[in-house]
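Please read the structure below before turning to the comments.
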Amino acid sequence: MTQQVTTFEELGLSPKVLSAVKDAGYTTPTPIQAGAIPHVLAGKDVLGIAQTGTGKTASFVLPMLVRLERGRARARMPRTLILEPTRELAAQVEENFTRYGKNHRLNIALLIGGVSFEDQERKLERGADVLIATPGRLIDHFERGKLLLTGVEILVIDEADRMLDMGFIPDIERICKLLPFTRQTLFFSATMPPEITKLTEQFLQAPVRIEVAKPATTNESITQKLVKSGSKPWAKRARLRELIRAEGDELKNAIIFCNRKTDVSTLFRSLVRHEFDAGALHGDMDQRSRTTMLENFRKGKLRLLVASDVAARGLDIPDVSHVFNFDVPVHSEDYVHRIGRTGRGGRTGKAFTIVTKPDMKYVQAIEKLIGQQLEWYDGDLSTLTPEDEAEEKQTGKSGSRRRGKDSRQSRQKESPSRPAEKPATDKPAEESAAAEPAPARQEGQKARQQKAKASHEASAPAKDRQHRSAQDHGHSRHRGHEEKVVVGFGDFIPDFMKIPGKV
DNA sequence: AAAAAAG
């Protein structure tokens with residue numbers, strides 16, 4: 001029988017931690033916290049089966065802080081290691097350590113990709129009490145010899161099933177083998193597929209298993225609707241705008257999920273062009289944009305966030321009133337994760353899924369998974385009019401402006417405009433989306449050209465930029481002026497490197 | 001068929 005724990009004080013946490021928890025406004029531990037914290041404090045390995053939104057992060061952060069109160073870190077030898085599948089999740093865990101560790105003097109290092117190595121190296125050099133990392137960057141630092149893992153006292157593997165989905169398991173195995181055998185391991189996963197079970201047998205020693213109920217897969221607090229649409233992208237976008245407008249003030253903020261990164265970009269630009277307060281989030285955006293987007297959305301400075309499945313799981317975005325599936329998720333579990341972004345913490349939420357004819361097989365899979373029939377918002381697909389499937393209507397608005405394939409878009413990291421820089425009506429959204437340059441990543445001549453172009457644009461005064469945008473608007477929007485900024489050859493350009501059709 | 005993560 002389990003004793004009902006009602007306060008954090010009963011869990012054996014230290015005064016420093018308790019005071020920080022109190023300041024954060026929490027009084028009652030969640031089931032996973034009540035279950036895990038005493039065992040973590042006792043030094044036991046823990047297998048936590050819990051989803052995000054259950055208070056999982058604090059269930060390891062709080063007791064780890066207590067464990068860290070004794071002893072101190074040595075250079076390049078972190079005392080604890082937390083592995084996360086995505087950069088945003090890693091950053092989120094860091095925030096938790098900062099918030100609850102405010103009465104401690106801890107060195108926290110966050111090792112994630114997409115940002116410079118130098119800061120991270122400095123923090124490692126100083127000696128990290130807490131090291132939070134995504135696997136790729138951690139291994140990178142290790143291979144550069146900036147890191148010794150032989151002093152790790154506690155290892156946390158978070159979102160293990162997602163790591164599996166993302167192909168991180170070999171990395172995890174490799175990292176685990178670098179750690180001392182005597183460490184304590186805390187392992188969290190929302191589900192337990194056979195591969196994960198195998199991992200736990202490999203890396204956990206006599207773990208305490210704590211399983212908490214899923215936060216009701218698709219609970220009653222979420223109103224779910226299917227929305228019929230023509231299959232053309234413009235038709236789906238029009239349908240989405242219609243829905244957003246129809247929800248009016250009831251829609252406080254929303255995440256709009258697309259299946260592909262390119263569709264995130266396209267939809268984001270379309271919404272901005274239609275003067276919606278929108279941002280974008282996907283894995284090919286540069287890290288700075290990802291961070292600011294998420295932050296602005298959390299703070300309520302941004303009403304709509306168009307996102308890939310990077311935002312479907314784990315991210316702590318409280319109080320989202322609506323979720324829109326612009327695309328039906330192909331994996332039905334993703335549906336559950338996506339709509340789980342709303343209706344949290346006892347609030348109500350709405351989830352709309354835009355459905356076209358070819359999507360029906362996925363809808364059926366979703367209905368099977370969640371064990372319920374989803375209702376249609378305004379009639380099923382048989383009630384679509386022929387007009388819905390027609391070619392794009394000429395509305396006379398800028399919405400139908402022809403846009404050629406922009407190769408830059410798919411090859412280079414992009415930085416969508418921030419809400420503060422919401423374009424004026426005379427300035428198309430694309431230009432401002434491209435105005436903030438990202439570092440060129442490709443090798444070779446093309447990359448140097450782009451990089452030179454980017455730094456040129458970055459240093460150009462705003463009005464010059466606007467002027468050029470207006471100029472470029474018509475025929476030669478792409479690389480009209482690039483032949484002047486070739487780097488490394490002076491004025492000489494070898495013939496074979498010249499862009500066909502250019503002088 | 002796609003996203004994420006090391007470039």
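As a basis for the values below, the full set of heavy atoms in this structure was taken, side chains included, without hydrogen atoms, waters or symmetry mates. Quick note on labels: first sequence line is chain A, next is B, and so on, each numbered from 1. Nothing here was measured: the structure is a model prediction, and the numbers come from that model.
Distance CE (M285(A)) to C1' (dA5(B)): 16 Å, rounded to an integer number of Å. D171(A) places its CG atom 12 Å from the C1' atom of dA4(B), with the value rounded to the nearest Å. When rounded to the nearest whole Å, the span between NE2 of H141(A) and C1' of dG7(B) equals 13 Å. To the nearest angstrom, P of dA1(B) lies 17 Å from NZ of K261(A). The distance from atom CG of L138(A) to atom C1' of dA6(B) is 12 Å, rounded to the nearest whole Å. Note: CG (L89(A)) to P (dA4(B)) measures 13 Å, nearest angstrom. Note: CD1 (I172(A)) to P (dA5(B)) measures 14 Å, nearest angstrom. Per the geometry, CG belonging to D284(A) stands 8 Å off P belonging to dA3(B), to the nearest Å.
Comparing dA2(B), dG7(B), dA5(B) against the side chain of R260(A) picks out dA2(B) as the nearest. Of all nucleotides listed (dA6(B), dA3(B), dA5(B)), dA5(B) comes nearest to the side chain of F168(A).
Of the side-chain N and O atoms in R162(A), none sit less than 4.0 angstrom from OP1 or OP2 of dA5(B). Applying the 4.0 Å criterion to OP1 and OP2 of dA5(B), one finds that T86(A) has every side-chain N and O outside that range. One finds a side-chain N or O of T134(A) lying less than 4.0 angstrom from the OP1 or OP2 phosphate oxygen of dA6(B).
Salt-bridge formation is not detected for the pair K123(A)/D119(A): no Lys NZ or Arg NE/NH1/NH2 atom is positioned less than 4.0 Å from an Asp or Glu carboxylate oxygen.
Within the 3.5 Å criterion, the main-chain N or O of P193(A) finds no donor-acceptor partner in the side chain of T191(A).
Within 4.0 Å (heavy atoms only), V330(A) reaches at least one base atom of the nucleic acid. Among the protein residues, R290(A) comes within range of the sugar-phosphate backbone only, with heavy atoms under 4.0 Å from sugar or phosphate atoms but none that close to a base. Using a 4.0 Å heavy-atom cutoff across all strands shown, G114(A) reaches sugar-phosphate atoms only and no base atom. Contacts of D309(A) with the nucleic acid, taken as non-hydrogen atoms under 4.0 Å apart, are absent.
At least one side-chain heavy atom of E173(A) sits under 4.5 Å from a side-chain heavy atom of L199(A).
Here the two rings, on F60(A) and F188(A), have centers that are under 6.0 Å apart.
Relative ring orientation between F352(A) and H322(A) is described as parallel, the plane-to-plane angle staying below 30° on a 0-90° scale split at 30° and 60°.
Between the side chain of H331(A) and the base of dA1(B), a donor-acceptor pair under 3.5 Å is found.
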